[in-house]
Amino acid sequence: MRRVRRRCAILAAVLAVGLAQALAADPVGPAAQSAPRPAGGVLAGLSLDPATEARLLALDPERISPEEVREVLARAPAPRIIGLHGSVPIVTMAPFAEFLIAMGYPAERLRNPRDGGYTYSSFTDSREVAGALAWHYEREGSVPMLIGHSQGGMLTVKVLQDLAGASGDRINVWNPVTDSAEDRFAVVDPLTGGDRPVVGLRVPYAAALATGSLMRVLLGQWGMVARLRAVPDTVGEFTGYFIEWDVIAGTSPGSAQNNPYRPTGTATVRNVTLPAEYSHLSLPAAGHLAANDVTRAWIERYTPGVSPPAETDLDTRNLLHAADIWFRVKKHWCLEAQRLVRAQRAVLQARR
């Protein structure tokens with residue numbers, strides 16, 4: 001009993017100090033949002049009740065039910081998701097963000113901190129995105145996930161390559177609130193308190209939707225033509241989605257096999273072919289799938305390789321990649337939350 005009381009007292013003290021530091025460092029307003037969070041603040045601010053913590057650690061990341069999303073993951077920290085839209089954003093990534101929100105993902109983790117929207121421009125320097133990933137990691141404890149459509153997929157790959165050192169061994173931390181570079185090349189690791197360079201950060205999950213070489217040529221992005229499909233070790237899991245006939249991306253049947261995304265090291269890389277009737281421009285439009293009971297239930301039960309619904313009167317546009325991305329997002333949401341809980345437990349154990 002004395003040992004339990006001592007552990008509770010330690011945890012209470014850690015959380016109290018961390019909360020006080022976090023409040024001091026993060027008052028309301030843009031200036032406060034750009035202030036660095038104190039080392040240890042992320043773990044100190046993690047306060048799940050024991051029952052939720054136990055359920056979280058017991059989750060199978062690849063078999064998460066809708067009830068577990070609502071009752072467990074919704075109470076746990078979630079990685080930010082950066083959705084990068086295409087060069088001609090007739091449809092931005094906002095509809096896909098709204099789909100993820102409807103499925104249960106926290107809306108604030110999908111918002112662009114600069115303007116509050118649910119989409120990011122792909123006409124952005126990849127090093128700025130890489131630097132912003134580090135900025136978010138310092139404050140949130142997880143490196144954001146990346147989902148890019150068309151040119152946004154190209155930018156996603158380029159960011160991963162920059163994190164692997166393709167544009168040099170130093171990248172400035174980028175403040176996405178003030179939209180400016182900071183005079184440093186590393187952040188304070190929120191788990192260890194040590195320096196964590198921008199170069200070398202690892203994104204948990206990334207995806208590229210309908211990204212092809214044809215537009216790289218037409219837009220003069222020559223440097224990415226040869227390395228568009230090279231996925232470095234700065235991502236844990238990557239999925240590239242191809243439409244069978246896509247005149248904008250320049251892909252056709254067999255493209256996923258003949259010119260696939262490929263790991264340059266140990267990253268897990270998947271190539272998925274989508275039906276020819278899917279439209280390049282409207283791939284992010286998925287809100288209707290969460291709103292329909294039948295398609296939503298299928299997405300919630302989805303595992304890779306399962307057959308789509310047999311009903312012929314359903315609107316199943318964009319069903320396959322929407323379900324597959326939601327499956328991966330849930331998985332890495334779970335893994336990142338479990339990692340933070342275990343890190344907090346390790347800190348408490350070390351202080352005994």
Side-chain angles (χ1 to χ4, degrees), residues 79-94 96-97 110-115 117-137 143-168 171-176 179 181 198-199 201-242 246 248-251 261-262 264 267 269 280-281 283-284 321 325 328:
R80 188 168 298 274
I81 297 177
I82 294 177
L84 297 156
H85 60 238
S87 57
V88 184
I90 296 173
V91 177
T92 68
M93 288 299 287
F96 199 80
L110 289 151
R111 289 192 184 278
N112 185 331
R114 179 65 176 168
D115 59 18
Y118 290 133
T119 193
Y120 294 71
S121 172
S122 59
F123 284 108
T124 301
D125 189 321
S126 57
R127 292 166 296 183
E128 294 177 9
V129 180
L133 295 180
W135 188 92
H136 284 298
Y137 175 63
V143 179
M145 304 186 223
L146 297 171
I147 303 174
H149 172 225
S150 195
Q151 179 171 271
M154 179 277 294
L155 185 60
T156 294
V157 174
K158 194 173 183 184
V159 169
L160 298 178
Q161 293 172 354
D162 284 345
L163 291 175
S167 61
I171 295 176
N172 285 86
V173 176
W174 188 267
N175 187 322
D179 199 28
V198 176
V199 174
L201 278 180
R202 192 167 183 260
V203 174
Y205 169 70
L209 286 158
T211 300
S213 299
L214 178 60
M215 290 304 295
R216 311 290 70 78
V217 173
L218 296 178
L219 292 172
Q221 298 162 345
W222 301 98
M224 284 302 295
V225 174
R227 55 192 181 104
L228 182 62
R229 306 297 189 207
V231 181
D233 287 348
T234 48
V235 64
E237 184 174 7
F238 179 93
T239 306
Y241 298 91
F242 299 75
D246 187 343
I248 297 176
T251 58
Y261 290 96
R262 60 194 182 279
T264 60
V269 177
H280 178 102
L281 294 176
L283 281 184
H321 63 276
I325 290 175
R328 307 292 161 185

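Numbering of residues begins at 1 and proceeds along the displayed sequence.
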Exercise. Between atom CG of L110 and atom OG1 of T119, what is the distance when rounded to the nearest 0.5 Å?
Worked result: 10.5 Å

Exercise. Can you list the residues that meet the side chain to side chain contact (heavy atoms under 4.5 Å, CB included) rule with D179, with sequence neighbours excluded?
Worked result: R114, W174

Seminar exercise, completed: Heavy-atom closest pair (P284 atom, H149 atom, distance to 0.1 Å) is CG-ND1, 3.6 Å

Problem set entry | Inter-residue atom distance M145.CE - E237.CD, 0.5 Å rounding | 10.5 Å

Seminar exercise, completed: By ring-ring contact (aromatic ring centres under 6.0 Å, His included), F238 pairs with (sequence neighbours left out) Y261

Exercise. For the residue pair G223 and R227, what are the closest heavy atoms and their distance?
Worked result: O-NE, 3.1 Å

For this session: Give, for atom CG of L283 and atom CG of D246, the distance between the pair rounded to the nearest 0.5 Å.
Result: 7.5 Å

For this session: Show the numbers, then the answer: is there a side-chain contact (heavy atoms from CB on, under 4.5 Å) between L281 and V91?
Result: CA-CA 7 Å; L281 294 176; V91 177; 5.6 Å; no

Exercise. Could you state the interatomic distance from CG (L163) to CD1 (I171), rounded to the nearest 0.5 Å?
Worked result: 6.0 Å

Exercise. Counting distance only, does the side-chain N/O of R80 pair as donor-acceptor with the main-chain N or O of Y137 below 3.5 Å?
Worked result: no

Exercise. Among all residues two or more places apart in sequence or in another chain, which pass the ring-ring contact (aromatic ring centres under 6.0 Å, His included) test with Y205?
Worked result: H332

Exercise. Please walk me through it: do V198 and N172 pass side-chain contact (heavy atoms from CB on, under 4.5 Å)?
Worked result: CA-CA 7 Å; V198 176; N172 285 86; over 6 Å; no

Problem set entry | Short side-chain to backbone donor-acceptor contact, Q161 and M224, under 3.5 Å | no

Exercise. Between S126 and V159, what is the shortest heavy-atom contact and its length?
Worked result: O-CG2, 3.6 Å

Exercise. Between D233 and A267, is there a donor-acceptor pair closer than 3.5 Å when you use the side chain of the first and the backbone of the second?
Worked result: yes

For this session: Would you confirm whether S122, through its side chain, and L84, through its main-chain N or O, come within 3.5 Å as a donor-acceptor pair?
Result: no

Problem set entry | S167 side chain reached by K158 side chain, heavy atoms, under 4.5 Å | no

For this session: Please round to the nearest 0.5 Å and tell me the distance separating atom CG of L155 and atom OG of S87.
Result: 11.5 Å

Seminar exercise, completed: Between V143 and L201 the two heavy atoms that sit nearest each other are CG2-CD2, 4.2 Å

Problem set entry | Contact summary for Y241 and A207, nearest pair of heavy atoms | CE1-CB, 4.0 Å

Seminar exercise, completed: Correct closest heavy-atom pair for H280 and A210 would be CE1-O, 3.1 Å

Problem set entry | Main-chain N/O of S150 paired with T211 side-chain donor or acceptor, under 3.5 Å | yes

Problem set entry | Non-hydrogen side-chain atoms of F96 and I325 separated by less than 4.5 Å | yes

For this session: Evaluate side-chain contact (heavy atoms from CB on, under 4.5 Å) for Y120 paired with H85, printing each intermediate quantity in order.
Result: CA-CA 6 Å; Y120 294 71; H85 60 238; 5.9 Å; no

Exercise. From D125 CG over to D162 CG, what is the distance, rounded to the nearest 0.5 angstrom?
Worked result: 7.5 Å

Problem set entry | Stepwise side-chain contact (heavy atoms from CB on, under 4.5 Å) test for L146 and L133 | CA-CA 10 Å; L146 297 171; L133 295 180; 4.1 Å; yes

